[in-house]
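A short worksheet on the structure shown next.
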Amino acid sequence: QVQLVESGGGLVQAGGSLRLSCTASPRTFTNYVMAWFRQAPGKEREPVASISGSGTMTVYADSVKGRFTISRDNAKNTVYLQMNSLKPEDTAVYYCSRRNGGFATLSITEYAYWGQGTQVTVSS
């Protein structure tokens, strides 16, 4: 059974930073592309960043390029999202997701497994 558990969300002022974590099971973590998506109230879920199984390839949404960094520690079965220079428009529930095979992509339809989400609120 696939489980994805996010943590690290919270309330931060504009310009601040947060680091989200997502711990995944089962243990064959390195085989899977991982990604972060987010959903603001009243809006559709949108991609944030994706990372290949080895961690060598990453893809970012234009809205977060230069501010967010996705990374992974395969020994810990964990993927991270470092968020810097946060803006009020980054406020959303952030979801971790896993793709079965393939390459890093921001296409939401490619992801089959989802965590429960963690709330990020950026105050102005």
Side-chain angles (χ1 to χ4, degrees):
Q1 182 178 358
V2 177
Q3 287 188 324
L4 303 173
V5 180
E6 302 100 333
S7 61
L11 173 64
V12 64
Q13 289 188 332
S17 298
L18 281 175
R19 187 176 82 155
L20 305 183
S21 300
C22 171
T23 300
S25 61
R27 298 176 64 84
T28 52
F29 185 65
T30 54
N31 294 345
Y32 301 114
V33 171
M34 301 295 295
W36 289 94
F37 289 79
R38 67 186 181 185
Q39 188 167 17
K43 295 187 177 181
E44 293 187 353
R45 194 169 297 189
E46 64 176 16
V48 175
S50 176
I51 188 166
S52 63
S54 64
T56 56
M57 179 177 291
T58 56
V59 183
Y60 294 92
D62 288 343
S63 59
V64 306
K65 279 181 182 177
R67 300 188 300 122
F68 292 9
T69 302
I70 189 171
S71 62
R72 64 193 296 159
D73 184 340
N74 287 340
K76 296 181 179 180
N77 289 0
T78 301
V79 62
Y80 304 98
L81 184 69
Q82 177 67 44
M83 305 185 294
N84 298 330
S85 302
L86 282 161
K87 305 174 181 181
E89 51 264 44
D90 294 318
T91 296
V93 177
Y94 283 71
Y95 297 91
C96 175
S97 59
R98 194 197 88 175
R99 184 186 187 196
N100 287 334
F103 47 85
T105 177
L106 297 180
S107 175
I108 192 171
T109 59
E110 296 295 329
Y111 291 86
Y113 301 97
W114 297 85
Q116 81 290 350
T118 186
Q119 176 71 47
V120 171
T121 302
V122 184
S123 63
S124 58

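Predicted, not measured: the structure shown is a model, and the values here were computed from it.
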Quick one: pull up [atom1] in [X] and [atom2] in [Y] and give me the separation to the nearest 0.5 Å.
X	Y	atom1	atom2	answer
Gln82	Ile70	CD	CD1	12.5 Å
Thr56	Arg72	OG1	CZ	9.5 Å
Leu81	Tyr94	CG	OH	7.5 Å
Thr58	Met34	OG1	CE	15.0 Å
Arg38	Ser63	CZ	OG	4.5 Å
Ser50	Met57	OG	CE	9.5 Å

### Task
Report the C-alpha distance between Tyr113 and Tyr32 in whole Å, list the side-chain angles of each, state the deciding distance to 0.1 Å, and finish with yes or no for ring-ring contact (aromatic ring centres under 6.0 Å, His included).
CA-CA 11 Å; Tyr113 301 97; Tyr32 301 114; 7.9 Å; no

Shortest non-hydrogen contact from [X] toward [Y]:
X	Y	value
Ser97	Leu4	CA-CD1, 3.8 Å
Trp36	Glu6	CZ3-CG, 3.8 Å
Phe37	Pro47	CD2-CA, 3.3 Å
Ala49	Tyr60	CB-CD2, 3.6 Å
Ser85	Asp90	O-OD2, 4.4 Å
Thr78	Ser21	CG2-CB, 4.2 Å

### Message
Could you check whether any side-chain heavy atom of Leu86 comes within less than 4.5 Å of a side-chain heavy atom of Phe68, counting everything from C-beta outward?
### Response
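In contact.
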
### Query
Side-chain contact, heavy-atom cut-off 4.5 Å: Thr91 with Gln119?
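Touching, per the 4.5 Å side-chain cut-off.
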
Taking [Y] as the starting point, is it possible to reach [X] by hopping between hydrophobic residues whose side chains are less than 4.5 Å apart?
X	Y	answer
Tyr111	Ile51	no
Tyr95	Ile108	yes
Val120	Val93	no

### Task
Test Arg98 against every option in Val79, Val33, Val2 by the side chain to side chain contact (heavy atoms under 4.5 Å, CB included) rule and name the one that passes.
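Running side chain to side chain contact (heavy atoms under 4.5 Å, CB included) over Val79, Val33, Val2 with Arg98 returns exactly one hit, Val2.
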
### Query
Does the side chain of Thr105 come under 3.5 Å of the side chain of Ser107 through a donor N or O and an acceptor N or O?
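Distance-only check fails for Thr105 and Ser107.
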
### Task
Check whether the side chains of Asn84 and Ser17 place a donor and an acceptor atom closer than 3.5 Å, and report yes or no.
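Indeed, the side chains of Asn84 and Ser17 share at least one donor-acceptor pair under 3.5 Å.
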
### Message
Please check this pair: side chain of Asn74 against backbone of Ser54, looking for a donor-acceptor N/O pair closer than 3.5 Å.
### Response
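Side chain of Asn74 to backbone of Ser54: no pair is present.
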
### Message
With side-chain contact (heavy atoms from CB on, under 4.5 Å) as the criterion, how do Tyr80 and Asp73 come out once you've worked through the C-alpha distance, each side chain's angles and the decisive distance to 0.1 Å?
### Response
CA-CA 8 Å; Tyr80 304 98; Asp73 184 340; 4.0 Å; yes

